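The figures that follow rest on heavy atoms only: side chains count, while hydrogens, waters and symmetry mates do not. Note that this is a predicted model, so its numbers are computed, not measured.
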Amino acid sequence: MAAFLRTLHRRRTRNAAAAAFLALAVVVVFFLSVFVATRNEADIFFSGVAAASSSSPDSSSGGCRELQELDGDGARCRYLRAHAPCAPVGYVDYLRLLYCGFGRAPWLGYAALALWLLVLFYLLGDTASAYFCASLEGLSAVLRLPPAIAGVTLLSLGNGAPDVLSSVVAFAAGARGGDGGGGGGEDAGDVGLSGVLGGALFVSTVVAGVVAIVAGRRGGGEPVIIERRGFVRDVCFLLVALCYLLAVLLTGAVTVWSAASFLSLYAGYVLLVWTSHCCANASDELEVDDTKQPTSDLAAPLLVVDDDDASPPPLPVSSSSKPTSAPRTFARRLVDLLHSPLYLPRRLTIPDIAAHRWSKPTAVATALLSPLLLAATTAPTTTATTLLAATLAGALLAAAAAATTDAASPPKSRSARLPWLAGGFLMSVLWSYVLARELVALLVSIGVAAGVEAGVLGATVLAWGNSLGDLVADVALATRRGDGGAGAQTAVAGCYAAPAFNTVVGLGLSLTVAAGARHPEAYAVEGGAAVYVAVGFLAAALVWAVAVLPARGMRLDAVLGVGLLVIYFVFLCVSLAMLTPLPSPH
């Protein structure tokens with residue numbers, strides 16, 4: 001029996017290694033797709049800006065300070081018409097819209113920008129939760145990834161997609177802007193850096209603090225005890241990442257190789273999680289009686305040969321039960337009508353096999369339109385030949401979708417679901433990237449118009465918008481009763497694993513993209529005061545958690561939670577003190 005268990009353990013180890021390799025491969029594909037899209041899109045966009053800047057010596061980040069020194073919206077509008085943009089421009093030049101379009105009613109312009117900011121936050125979060133996370137969960141199920149490996153790779157990527165893509169977009173704008181192309185590159189890079197750090201601080205203080213307080217006040221049950229090994233591992237890894245990032249900030253420059261080494265820290269973290277998971281399961285299995293069968297999820301095969309007629313276990317995106325629809329009242333119809341411009345463009349271009357949203361005509365339409373959107377947003381030049389090739393590819397995919405899908409239900413076999421899940425993954429990345437680019441451009445423009453440092457907005461507004469979903473989800477997990485505290489343990493684990501992923505992968509990928517655009521020269525990383533403040537308070541929160549929780553027997557209570565909330569309150573006070581107009585260059 002011992003020999004059998006050793007053989008089984010070796011097989012488990014090989015399957016786990018293959019699972020980790022495939023999960024990392026999916027993450028690498030995500031990185032490469034974002035990197036290519038970033039380079040192509042930046043070349044297209046900033047080429048026009050560079051041409052304008054060649055005739056204008058003021059098209060730099062200092063131009064925004066000159067803009068603020070002008071009196072009256074009319075003068076600022078004339079300045080913007082005569083000079084290249086001094087802030088990153090998405091599909092809309094928000095400063096020109098504010099000063100030229102709403103010059104006679106500036107309050108209306110600020111209200112419109114605030115409303116559009118809320119819409120972009122909603123679209124980015126909804127795209128990540130409804131499409132991106134669903135595709136990643138489906139890929140995890142199709143590939144039979146163990147939960148521990150899926151949690152630190154695909155699912156972390158899904159949860160951190162808004163933060164990661166916002167950071168990548170900001171640093172890409174910073175790299176191009178620093179080349180003389182204008183566009184307020186320094187401010188954009190500051191938004192990306194402070195946004196990720198501010199989000200990590202918010203999740204590890206406010207979210208973790210509220211979860212600890214709620215879990216400590218659960219009545220009628222035993223105290224919630226957190227697993228020590230995983231908690232200390234995640235917190236220490238995040239502290240190591242912060243030390244590496246602080247060294248980069250103090251150096252003031254980063255090369256493509258040092259940025260890639262920072263990004264590779266997460267591969268070591270995944271290996272550490274896999275090793276500890278395998279060792280823990282191996283020790284448990286060696287204690288199993290001869291009459292019991294091992295039940296480790298790592299013992300399952302990675303890919304199975306399934307029968308197309310069989311009914312495999314339902315995936316998270318392919319549930320067999322459909323939610324019951326409520327009666328459609330007039331108010332509901334009106335809300336759906338207003339929501340349709342935000343819903344239909346993504347619905348018709350992102351492949352989706354969720355059972356409650358399945359529609360064969362819609363699936364055929366996504367196969368037809370997805371290549372067109374992909375070509376229009378990522379091709380170096382959108383020519384008639386490019387659009388014709390995309391149309392031909394879409395027609396072929398649409399014909400294949402019409403011939404291989406059923407009108408009554410989505411694809412059932414794993415081999416049939418895989419291309420749909422991969423397509424949904426790719427198109428949701430594209431949509432998230434486009435929305436993140438627009439969000440960063442809007443935030444920097446608001447900072448310029450309000451005279452506030454962009455880094456402060458990134459550490460507060462951008463961090464809040466990307467992290468409020470984590471607050472709602474984790475508190476809901478912590479308040480769930482009858483699970484023996486498992487929900488609270490999962491919520492606390494997410495409060496530190498997610499910031500670790502966003503910090504290392506988000507900033508690592510962003511720095512790699514920015515340094516790659518400057519290669520062989522180094523990319524200058526000039527973090528503002530808001531960045532150093534966020535790093536300091538984040539380190540203080542991590543030290544508080546890793547000191548208090550073990551000292552109190554790994555028990556969640558108000559002592560941990562109130563301390564974390566106080567740390568964030570002090571951070572907010574410091575950030576509010578920094579909300580002063582940008583200094584004049586004179």
Side-chain angles (χ1 to χ4, degrees), residues 122-145 147 150 154-155 157-159 161-162 306 308-370 373 397-398 400-402 404-432 435 469 472-473 476-477 480 487:
Y122 164 75
L123 289 175
L124 186 59
D126 185 66
T127 301
S129 62
Y131 298 101
F132 190 62
C133 288
S135 298
L136 290 179
E137 290 177 358
L139 287 172
S140 176
V142 167
L143 298 176
R144 292 291 183 102
L145 294 179
L154 300 186
L155 300 186
L157 177 61
N159 293 332
D306 56 325
D308 289 344
D309 297 330
S311 297
L315 299 181
V317 294
S318 183
S319 174
S320 58
S321 61
K322 296 184 179 181
T324 57
S325 58
R328 294 177 59 83
T329 61
F330 174 76
R332 179 64 181 175
R333 292 178 182 273
L334 181 60
V335 170
D336 291 342
L337 180 63
L338 296 176
H339 185 253
S340 58
L342 307 178
Y343 172 75
L344 285 179
R346 294 174 296 152
R347 185 73 175 96
L348 294 177
T349 53
I350 302 179
D352 184 17
I353 58 172
H356 63 283
R357 291 194 298 260
W358 173 252
S359 169
K360 183 174 181 177
T362 303
V364 174
T366 59
L368 176 64
L369 298 177
S370 295
L373 179 63
L397 292 175
T404 57
T405 56
D406 186 9
S409 61
K412 294 182 179 180
S413 67
R414 286 185 170 83
S415 59
R417 281 193 296 266
L418 186 58
W420 288 97
L421 292 170
F425 170 78
L426 176 63
M427 296 308 299
S428 58
V429 167
L430 179 64
W431 267 102
S432 298
L435 293 170
V472 175
L477 279 175
R480 192 169 58 187

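- The nearest pair of heavy atoms linking Ala400 to Thr404 is O-OG1, 2.7 Å.
- Summarising the geometry of Asp352 relative to Ala354, their closest heavy-atom pair is OD1-N, 3.1 Å, with the distance given to 0.1 Å.
- Taken to the nearest 0.5 Å, the NE2 atom of His339 stands 3.0 Å off from the OH atom of Tyr122.
- Although no hydrogens or angles enter the test, the distance criterion places a donor-acceptor pair under 3.5 Å between the side chain of Lys360 and the main chain of Ala402.
- Remark: the backbone N or O of Leu123 is not paired with any side-chain donor or acceptor of Trp431 at under 3.5 angstrom.
- Rounding to the nearest 0.5 angstrom, the gap separating the CG atom in Leu368 from the CG atom in Leu397 is 9.0 Å.
- With values rounded to the nearest 0.5 angstrom, Arg414 atom CZ is found 11.0 Å from Leu421 atom CG.
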Practice item. Apply side chain to side chain contact (heavy atoms under 4.5 Å, CB included) to the pair Thr366 and Met427, showing each step before the final yes or no. Key: CA-CA 10 Å; Thr366 59; Met427 296 308 299; over 6 Å; no

Point to revise | Residue pair Ser370, Ile350: steps toward the side chain to side chain contact (heavy atoms under 4.5 Å, CB included) verdict | key: CA-CA 7 Å; Ser370 295; Ile350 302 179; over 6 Å; no

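- Here the closest heavy-atom approach between residue Gly424 and residue Ser135 is recorded as C-OG, 3.4 Å.
- The two atoms that bring Leu418 and Val142 nearest to each other are CD1-CG1, 4.0 Å, heavy atoms only.
- Ala416 and Pro411 make their closest contact through CB-CB, 3.8 Å (heavy atoms, listed as atom of the first residue, atom of the second, distance).
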Exercise for review: Show your working on side chain to side chain contact (heavy atoms under 4.5 Å, CB included) between Thr405 and Trp358 and close with a plain yes or no.
Suggested key: CA-CA 11 Å; Thr405 56; Trp358 173 252; 4.0 Å; yes

